[in-house]
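A quick write-up on the structure given underneath.
What you are looking at is a predicted structure, and each value in this text was computed from that prediction instead of being measured.
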Amino acid sequence: MRWLGGRRSKNQIHVPEDLANFIVNTEADGQLSKTGIFQSSEGQLKRMVQNIVAFFRQRPAPHRLMFYCHGGLVPETVAWEGIRERYRTFLANGIYPVFFIWESSLQQALEDHLQRSVAENFRQMAVMDKVVDTIVDELIEEAAKLFPGPWEAMKRRGMQVFASHGGGWHFVLLLSKALKKAGLHAEIHLVGHSAGSIVLYTFLKQLLEGKGDFYPYLKGITCTLYAPACTVQQFEDAYVRAVDHYLLKRFFLYTLSDKLERSDASVPYYSKSILYLVSRGLEAQSGEKPIFGMEIYAKNSPALKRIMDSGKGAWVVADEESRPVCFDAGREVLELISLAKQHGGFSYDPATLNSTGKTIISRNWLPEPFQ
């Protein structure tokens with residue numbers, strides 16, 4: 001089985017200086033990171049804000065910002081490598097990307113615990129047999145119910161990024177102040193993968209509570225979630241309310257089909273996706289928890305159906321056929337598609353990234369497509 005993200009020695013990493021203009025890195029308490037392969041600081045954030053203002057001054061409106069939050073299974077090394085591969089393409093399409101790295105430790109914690117608690121006992125059972133796979137999955141889910149600590153710690157860590165004391169929130173305050181001084185207005189386009197939806201949940205909750213009076217210098221336009229690990233309740237409490245209160249104009253959801261979800265072995269010794277383990281194990285102390293990024297729960301969401309029926313959003317399901325979804329953006333009808341086959345694949349799938357870019361610029365083409 002493949003462990004999502006993999007490992008790479010930090011000694012092998014060289015971070016180009018220009019990437020400092022696109023990254024906000026935070027620690028477990030939400031404060032700016034002073035450790036790891038990339039550190040954020042007050043000075044770095046101010047230079048980053050200056051670079052954003054300069055970028056927008058050189059281009060006609062609308063000025064578009066993308067706030068991207070990675071998932072909980074993504075180590076810092078993998079996160080920054082993904083940034084390095086993609087940030088120039090976003091810029092070429094007139095989108096200034098801001099990547100929030102929050103250094104989740106969930107990957108290592110899960111792997112270590114499963115190896116200690118489950119893997120050694122059932123290693124001989126992990127053969128290509130459907131019945132055995134089911135038994136092992138159930139054992140892992142039961143074990144996960146007994147150690148929700150790493151998952152809870154990861155969620156707390158994610159929620160600190162845009163808390164009032166968090167480095168991400170501080171960056172947004174600096175940015176809005178600089179845009180106001182420069183007389184510039186910018187659109188915010190939120191993109192979150194997996195547990196990144198929990199990070200953005202806090203950002204939207206802050207706005208819904210009236211914190212940070214950014215408008216009209218910063219205004220939310222779109223939100224795109226890839227296989228979100230937030231619960232259905234969190235989706236309704238923040239994302240749906242943000243659409244209803246006009247803090248977001250459009251909402252887009254990307255998920256795997258349930259068939260692919262059940263065959264995505266992204267966790268050691270577990271034959272299903274991480275979202276199944278979250279729903280049936282890590283969040284299931286009081287019963288199976290509906291996770292919004294799972295097709296079996298999203299399809300039963302009246303709130304999601306209402307958003308789509310009102311023309312304010314779309315849901316793209318990545319399956320074996322990968323049929324495009326058409327969304328009427330006003331000036332053009334956008335064809336949205338994802339060719340991702342695994343939970344971790346959305347952020348690296350060119351079709352998904354191109355579809356996301358289309359919804360950000362409201363065009364059915366990109367000047368510089370992702371390859």
Heavy-atom side-chain contact between [X] and [Y] under 4.5 Å:
X      : Y      : answer
Phe203 : Leu190 : yes
Leu339 : Ile337 : yes
Met66  : Val191 : yes
Ile52  : Phe22  : no
Phe251 : Val240 : no
Thr359 : Thr224 : yes
Val24  : Val98  : yes
Leu366 : Ile361 : yes

Supply the atom-to-atom distance [X] [atom1] to [Y] [atom2], rounded to the nearest 0.5 angstrom.
X      : Y      : atom1 : atom2 : answer
Phe38  : Leu19  : CZ    : CG    : 7.5 Å
Lys177 : Leu218 : NZ    : CG    : 14.5 Å
Leu200 : Cys69  : CG    : SG    : 4.0 Å
Lys312 : Met308 : NZ    : CE    : 14.0 Å
Met48  : Ser40  : CE    : OG    : 7.5 Å
Phe327 : Leu334 : CZ    : CG    : 7.0 Å

query: Out of Arg241, Gln233, Gln234, which residue meets the side chain to side chain donor-acceptor pair (under 3.5 Å) rule with Asp237?
result: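 Of all the options given, the one that passes is Gln233.
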Examine distances only and state if a side-chain atom of [X] and a backbone atom of [Y] form a donor-acceptor pair shorter than 3.5 Å.
X      : Y      : value
His70  : Trp102 : yes
Ser355 : Ala351 : yes
Lys145 : Leu282 : no
Glu261 : Ser273 : no
Asn93  : Ile95  : no
Gln44  : Ala20  : yes
Arg250 : Ala329 : yes
Asn51  : Arg47  : no
Ser197 : Cys230 : yes
Glu295 : Asp258 : yes

If you measure from the Lys or Arg side-chain nitrogens to the Asp or Glu carboxylate oxygens, is any gap between [X] and [Y] under 4.0 Å?
X      : Y      : answer
Lys259 : Glu320 : yes
Arg306 : Asp244 : yes
Lys155 : Glu283 : yes
Arg262 : Asp137 : no

Sub-6.0 Å ring centroid separation between [X] and [Y]:
X      : Y      : answer
Tyr254 : Tyr226 : yes
Phe292 : Tyr239 : no
Tyr96  : Tyr87  : no
Phe214 : Trp169 : yes
His193 : His343 : yes

- request: Kindly check if the number of other-residue, nucleotide or ligand heavy atoms within 6.0 Å of NZ (Lys249) is above 12?
  value: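 Incorrect, the count does not exceed 12.
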Between the side chains of [X] and [Y], does any donor sit under 3.5 Å from an acceptor?
X      : Y      : value
Tyr348 : Gln342 : no
Ser362 : Glu332 : no
Gln39  : Lys34  : no
Glu27  : Ser33  : yes
Tyr68  : Ser347 : yes

message: A cation-pi test, strictly: NZ or CZ of Arg64 under 6.0 Å from the centre of the six-membered ring of Phe90 and no more than 45 degrees from its axis. Yes or no?
response: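 No, cation not above the ring by the 6.0 Å, 45° rule.
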- prompt: Is NZ or CZ of Lys272 both nearer than 6.0 Å to the six-membered ring centre of Tyr270 and within 45° of the ring axis?
  reply: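 Pair Lys272/Tyr270 counts as cation-pi.
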When you group the ILVMFWY residues by side-chain heavy-atom contacts below 4.5 Å and let the links chain together, are [Y] and [X] in the same group?
X      : Y      : value
Ile221 : Val243 : no
Leu91  : Trp365 : no
Leu204 : Tyr215 : no
Leu247 : Leu173 : yes

query: Given Tyr201 and Phe235, is the ring-ring contact (aromatic ring centres under 6.0 Å, His included) satisfied, shown in steps?
result: CA-CA 8 Å; Tyr201 165 86; Phe235 164 66; over 10 Å; no
For residues [X] and [Y], report the shortest heavy-atom separation together with the two atoms involved.
X      : Y      : result
Phe99  : Pro97  : CE1-CB, 3.5 Å
Gly167 : Leu32  : CA-CD2, 3.7 Å
Ser322 : Ser338 : OG-O, 3.4 Å

task: Kindly determine whether Phe56 and Leu65 satisfy side chain to side chain contact (heavy atoms under 4.5 Å, CB included), including the steps that lead there.
output: CA-CA 10 Å; Phe56 288 158; Leu65 281 163; 3.7 Å; yes
- request: Test Val199 against Met159 for side chain to side chain contact (heavy atoms under 4.5 Å, CB included), laying out the working first.
  value: CA-CA 5 Å; Val199 180; Met159 289 180 176; over 6 Å; no
task: Take Lys341 and Leu256 through the test side chain to side chain contact (heavy atoms under 4.5 Å, CB included) and record every step on the way to the result.
output: CA-CA 7 Å; Lys341 302 301 180 186; Leu256 294 177; 5.7 Å; no
CA sep, side-chain torsions, deciding dist, call: Thr255, Trp315, side chain to side chain contact (heavy atoms under 4.5 Å, CB included): CA-CA 8 Å; Thr255 70; Trp315 176 18; 3.0 Å; yes
field: Audit row: Lys180, Asp213, salt bridge (Lys or Arg N to Asp or Glu O under 4.0 Å) steps and yes/no
entry: CA-CA 11 Å; Lys180 181 178 181 179; Asp213 186 15; over 6 Å; no
- prompt: Could you walk me through whether Glu288 and Tyr297 pass the side-chain hydrogen bond (donor to acceptor under 3.5 Å, both in side chains) check?
  reply: CA-CA 11 Å; Glu288 189 168 333; Tyr297 293 116; 2.6 Å; yes
